[in-house]
There are 2 protein chains.
Amino acid sequence: MLVLSRLADAASNAASEAAAISAVDPIARRPLHAAAIDRLREAIVRGELAPGTRLNERVLATQLGISRTPLREAFKLLANEGLAELLPNRGAIVTPIHAERIEQTLRVMGALEALVGELVCQNASDSEIANIRALHFEMRAAHARGDLRAYFDHNQAIHLALVQATGNSVLLQTYRQLNDNVRRVRYMANLSASRWEVAVAEHEAILQALTARDGMRLKELLSSHLAQKTAAVLAVLTEPITAVTA
Amino acid sequence: MLVLSRLADAASNAASEAAAISAVDPIARRPLHAAAIDRLREAIVRGELAPGTRLNERVLATQLGISRTPLREAFKLLANEGLAELLPNRGAIVTPIHAERIEQTLRVMGALEALVGELVCQNASDSEIANIRALHFEMRAAHARGDLRAYFDHNQAIHLALVQATGNSVLLQTYRQLNDNVRRVRYMANLSASRWEVAVAEHEAILQALTARDGMRLKELLSSHLAQKTAAVLAVLTEPITAVTA
DNA sequence: TTTTTGTATTCTGCATGCAAATTAAGGAGA
DNA sequence: TCTCCTTAATTTGCATGCAGAATACAAAAA
């Protein structure tokens, strides 16, 4: 029942994010019990369902208020996205976090961000840039408040907005999928005050490069920013993993 | 019934390819009627189910010899991979080919290939390189024979082997997914003799750079090779699309 | 002839039921 | 006490059934 309430909490969040994205999502107006499934995905990404957790069909279906059929379809999707693993005749588990796989994912994201740096300066509209600037200051507000969770959320929103502003929806979709796998780790991390400062400073520079539409510089900045992030994430993984279930 | 026989033909192909890949596939030992679903995916990629085709659940389920439930699960997967589109309450269609989307996909693949160039020279084992060389000569054999279909297949195999030899399974999975969307166009194209020559020459250079483990050069070669491919693919799309259903 | 509206048919979306596989439990033997 | 084997209880995988939505069709009106 504990898990149930958490899943319910996550619902509104997932819904609003889905709405924000839907304009670009190729599977735009989805049928099925999409909300319930977004809820499940979000629960995995946010670590509310810890890596390795067995996903019992009947139990989860009851908790989500749907039947097993659409839930099984969701499992297939999640497996395809790397968030769950399907064990033949033994159901699904939340994909365990392997440092190597996360590292590989970040490498691929690095390649994508290089492309983002190139494209976004060419293609972003002024209003998109203005929106990113607004997100940036909301993020700084969260930083000033010391609200780590809100900081992460705005941080994510900025990076997604950057990718979206490239105008390349394939890039966005690919990025999101990889990002979801990394976010799971991110939620496990605590940021030291100094590293947090550095990250904010990096974002400041990113915003400037974007405003100046300096593609080359933005590419470099995103690259080094990701390198920082990679280091931080891998640091978390080499420590004994104390999954943040709370 | 015509489609049925074609799907049956594709079965062995898909099965053998799946076996070759399974070692890296994260959803390795899959449950469900995986063979039937691979068959369907392959039919879409090979253009045997033309873009825009309505995917009738009951009809397809009968043709594939499975029930609607696993087929619907397959639809979700295909939609997630971009090969099908889900229309709420109106079922699924084979994703229509839009030049813009293909172009975006190729752009993303370009970013990934840059990474491939870097990584493969560092990480490929000698036996993997030897295997790629073998594939290369098989491809040349197909070229000499003038067998376009076999040429394409070996060509694909080489590129996948290159990506696989990076040792980055996330990269491979991402690449494969994007590649499947482009392959559909590729099968529609005919190659002029001169362009075919050029492509083979490019592959020759790629093999040399790989043998020398010259990462920077390989990166450049892959980049220009993809640029060629992009031009060829987009050329096909600007022509009136006469989908090759046969 | 063209448009429109009401009805019948088809099809999707989901819940449920059943068989096969897996896991858990219990008891016999070492 | 531990191991191995037999058996019961879960659990998955898939087929099927049913309600609701969408489409196709036909008759009536313009």
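No experiment lies behind these values; they were computed from the predicted model shown. Each chain gets a letter, A, B and so on, in the order the sequences are listed, and its residues count up from 1.
- Atom-to-atom, CD of A:E57 to P of C:dC14 comes out at 16 Å; the value is rounded to the nearest Å.
- Summarising the geometry, atom CD1 belonging to B:I44 is positioned 13.5 Å from atom CZ belonging to B:R39; distances are rounded to the nearest 0.5 Å.
- Atoms CG and CZ, on A:L148 and A:R186 in that order, are 8.5 Å from each other to the nearest 0.5 Å.
- A:L55 pairs with exactly one of A:I93, A:L49, A:L71 by the side-chain contact (heavy atoms from CB on, under 4.5 Å) rule, that one being A:L49.
- The distance between atom CD of A:E73 and atom C1' of D:dC14, rounded to the nearest whole Å, is 13 Å.
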Please lay out, stage by stage, how B:N179 and B:Q156 fare under the test side chain to side chain contact (heavy atoms under 4.5 Å, CB included). CA-CA 9 Å; B:N179 190 43; B:Q156 286 296 323; 2.6 Å; yes
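- When rounded to the nearest whole Å, the span between CG of A:L71 and P of D:dG13 equals 12 Å.
- Comparing atom distances between the A:R90 side chain and each of D:dA22, C:dC14, C:dT22 picks out C:dT22 as nearest.
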Polar atoms only, N or O, under 3.5 Å: list the protein pairs with nucleotides 7-10 of chain C and their distances.
none

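- Contact detail for B:A50 and B:V94: the closest heavy-atom pair is O-CB, 3.5 Å.
- Summarising the local packing, CZ of B:R184 is surrounded by more than 12 heavy atoms from other residues, nucleotides or ligands at distances under 6.0 Å.
- Following rounding to the nearest Å, A:L86 (CG) and D:dC14 (P) show an atom-to-atom distance of 11 Å.
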Applying salt bridge (charged side-chain N to carboxylate O under 4.0 Å, His left out), run through B:R183 and B:E42 and close with a yes or a no. CA-CA 10 Å; B:R183 271 169 77 202; B:E42 197 64 15; 3.0 Å; yes
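- Applying the 4.0 Å criterion to OP1 and OP2 of C:dA15, one finds that A:S67 has a side-chain N or O inside that range.
- Note: CZ (B:R72) to P (D:dG13) measures 17 Å, nearest angstrom.
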Look for any protein N or O under 3.5 Å of an N or O in nucleotides 17-21 of chain C and output each such pair with its distance, or none.
| unit_1 | atom_1 | unit_2 | atom_2 | d |
| --- | --- | --- | --- | --- |
| C:dG17 | O6 | A:R68 | NH1 | 3.4 |
| C:dA21 | O3' | A:N89 | ND2 | 3.4 |

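- Here B:L55 lies in heavy-atom contact (under 4.0 Å) with sugar-phosphate atoms only.
- Taking each heavy atom of B:R176 and B:L160 in turn, the nearest pair found is CG-CD2, 3.6 Å.
- Nucleotide D:dA15 holds its C1' atom 15 Å from the CG atom of B:L64, rounded to whole Å.
- At whole-Å resolution of the value, CG in A:L87 and P in D:dT10 are 21 Å apart.
- The CD-P distance, from B:E85 to C:dT12, rounds to 16 Å in whole Å.
- Here the closest heavy-atom approach between residue A:T105 and residue A:L178 is recorded as CG2-O, 3.7 Å.
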